[in-house]
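Reading through the structure tokens given below for one structure.
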Amino acid sequence: MNVLAQTEDKLKQTIESAVIQAELATKEEIPDIILEKPKDKSHGDFATNIAMQLARIARKAPRQIADDIVNQLNQSEASVEKIEIAGPGFINFFMKDDFLGEIIPTILKEDTEYGKTNAGDRKRIQVEFVSVNPTGDLHLGHARGAAFGDVLCNVLDAAGYQVEREYYINDAGNQIDNLALSVEARYLQALGNDVDMPEDGYHGEDIIEIGKQLCVEYGDQWAVTEREERLKFFKEYGLKYELGKIEQDLAEFRVHFDSWFSERSLYKENKITDALKVLDPYMYEKDGATWFRTTDFGDDKDRVLIKQDGSYTYLTPDIAYHKNKLDRGFDQIVNVWGSDHHGYIPRMRAAIQGLGYPVEKFDVKIIQMVNLFENGEKLRMSKRTGKAVALRELMEEVGVDAVRYYFVARSNDSQLDFDMDLARSQSNDNPVFYVQYAYARICTMLKQAESKGISVDNSFDASLLTAEKEIDLLKKLGEFPQVVADAAGKHTPHKVTQYLYDLATLLHSFYNAEKVIDADHLDRTKARIALMKAVRITLSNALQLIGVTAPEKM
RNA sequence: GUCCCAGUAGCUCAGCAGGAUAGAGCAACAGCCUUCUAAGCUGUGGGUCGCAGGUUCGAAUCCUGCCUGGGACGCCA
């Protein structure tokens, strides 16, 4: 249940009927009533700009309209304590604090469910993310996409969407052939031969490792085998090795998928030719290749589907893949892509439309670059040079909690500077510790209470929570379900991180201002313990959403 | 040349389906531990919201142009 939202809905309805009763507008004319939480506490708990919006319709001065509304408003029905008209015509509402009394019991009752809503209306949404080619290690940029996608899914799930997480495996096509050739070269090198890497080869350490491993397992067996057969085997071997490593790294990063979709299955099940049949009206032959007229759908140039040599471009199976996704009946499919793929969006949008699907179902989240800093200097990362900073390295260096926190703390379309030293530091500079410390602090207090024989059951008198810091905490706690729903609806998981930080700040501030355990005021102690339990639950649920641990002791 | 993202305090970033005096952290400065963990708290200073127009009662937020930084513009993936 969402206590705050209920209060808000009630208020909106009351305002609307006041507007109608004051004959300022008819029911059809009234714009959506917008209630905002003013930044400044002196502007009340909620404010609305409805009087300004009605100025044109009612043909009156906004402040006069505001007066009329206030005169018609049934205050007690909406639990309003006080109303003020301010500025150009804002109506500020100061709510009775009694609704706050419901917050703690709600949280204690809902426990791990607190924060969940049905805002998403059970809509089916699929999020495809990471989908890294199985040709090398996951690096920084992938990790950011992984963290973003994972938290987005968590948030969507909590907001009542039916979420499916999918990883698209590029296990067909050129890059996999290159993998086989690279493995071959490293294998032969491991046997002591002087062989050059292929031009488009993968130079990562991992391929060297595969070469050595093959050498240990098979000796020179594959060197004397016919090349075609050798490459076929190396392809499968390399694929399995790389994919295994990716899956393992992701698991350690606390990222799991509901399905791993193989590009090869598209070939096997003729999905590509099926898709091409549908696109046929938009296809034409030129220069010995087959083109897709994406310009019909706003792309800046047409795209090749079938190359001169008869093979598909990368786009072609990807179109079939997206057709397959949409055929599965999702209300929305979300793709999380690195910023270097943003130019790919127009042609995929064209494909969606060419396939006959509404383009609104297709959404892409672009993840901007990550710049890594250590000792004040920028570290380069490049898969080709083999000097990539791998996710694995990062997890070992700074820990999963810090990496995940930093990666979801920022909006996906801002570039991110990741400071290794800061993420590693166990100091108050580090927001991860700051938030976790709030949780640990509460755990300590509750243990303390128990050891002093103070019962921590759920009976308490909410009316004893009247200190300013207590009211602030209660209001913040009440916002949580809306924060989650908002993060889900706007695809902005970083709002959860922000909320966590704010809640932790209020907790620390409260902690320094008020004493929780006080043998001389047992009733107040019990009320504060209940408050602490509610904060603990909310912190824990929020941390769970971003996939960061909640330590009981630090 | 075209397209995408960013430009907000010294630094890193929120805020951007228009709203009141633009926020946070770090850094700087000044305080707070005989009291539940000082990995904390309290306070002070710090801004032409890249620039210029436009729309509006009202613009950091919307529109246009320009500037700067990053990225993308393959019959690569």
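Since this is a predicted model, take the numbers as computed values, not measurements. Just the heavy atoms: all of them, side chains too, but no hydrogens, waters or symmetry mates, feed the values below. Chain letters run A, B, ... following the sequence lines, proteins first, then strands; residues in each count from 1.
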Once you apply a heavy-atom cut-off of 4.0 Å, does [X] come out as touching a base, just sugar-phosphate, or nothing?
{"X": "A:Ser414", "value": "sugar-phosphate"}
{"X": "A:Asp486", "value": "nothing"}
{"X": "A:Tyr434", "value": "sugar-phosphate"}
{"X": "A:Ser411", "value": "sugar-phosphate"}
{"X": "A:Ala440", "value": "base"}

Worksheet item: Under 30°, 30 to 60°, or over 60°: which ring-plane class applies to A:Trp337 and A:His322, parallel, tilted or perpendicular?
Response: perpendicular
Practice prompt. Give the ring-plane orientation class for A:Phe418 versus A:Tyr406, where under 30° counts as parallel, over 60° as perpendicular and anything between as tilted.
Written response: perpendicular
Item to complete: Can you tell me, in whole Å, how much space there is between the P of B:U2 and that of B:A20?
Response: 36 Å
Taking a pair as Watson-Crick or G-U wobble with both distances under 3.5 Å, which nucleotide is matched to [N]?
{"N": "B:A6", "answer": "B:U68"}
{"N": "B:G18", "answer": "none"}
{"N": "B:A28", "answer": "B:U44"}

Using a cut-off of less than 4.0 Å, is there contact between a side-chain N or O of [X] and OP1 or OP2 of [N]?
{"X": "A:Tyr511", "N": "B:A38", "answer": "yes"}
{"X": "A:Lys307", "N": "B:C76", "answer": "yes"}
{"X": "A:Ser339", "N": "B:A72", "answer": "no"}
{"X": "A:Tyr501", "N": "B:C13", "answer": "no"}

Response to the item:
Result for 5'-nearest mapping on RNA chain B, choosing between A:Lys490 and A:Ser509, is A:Lys490
Worksheet item: Would the number of heavy atoms belonging to other residues, nucleotides or ligands and lying under 6.0 Å from CG of A:Asp309 be above 12?
Response: yes
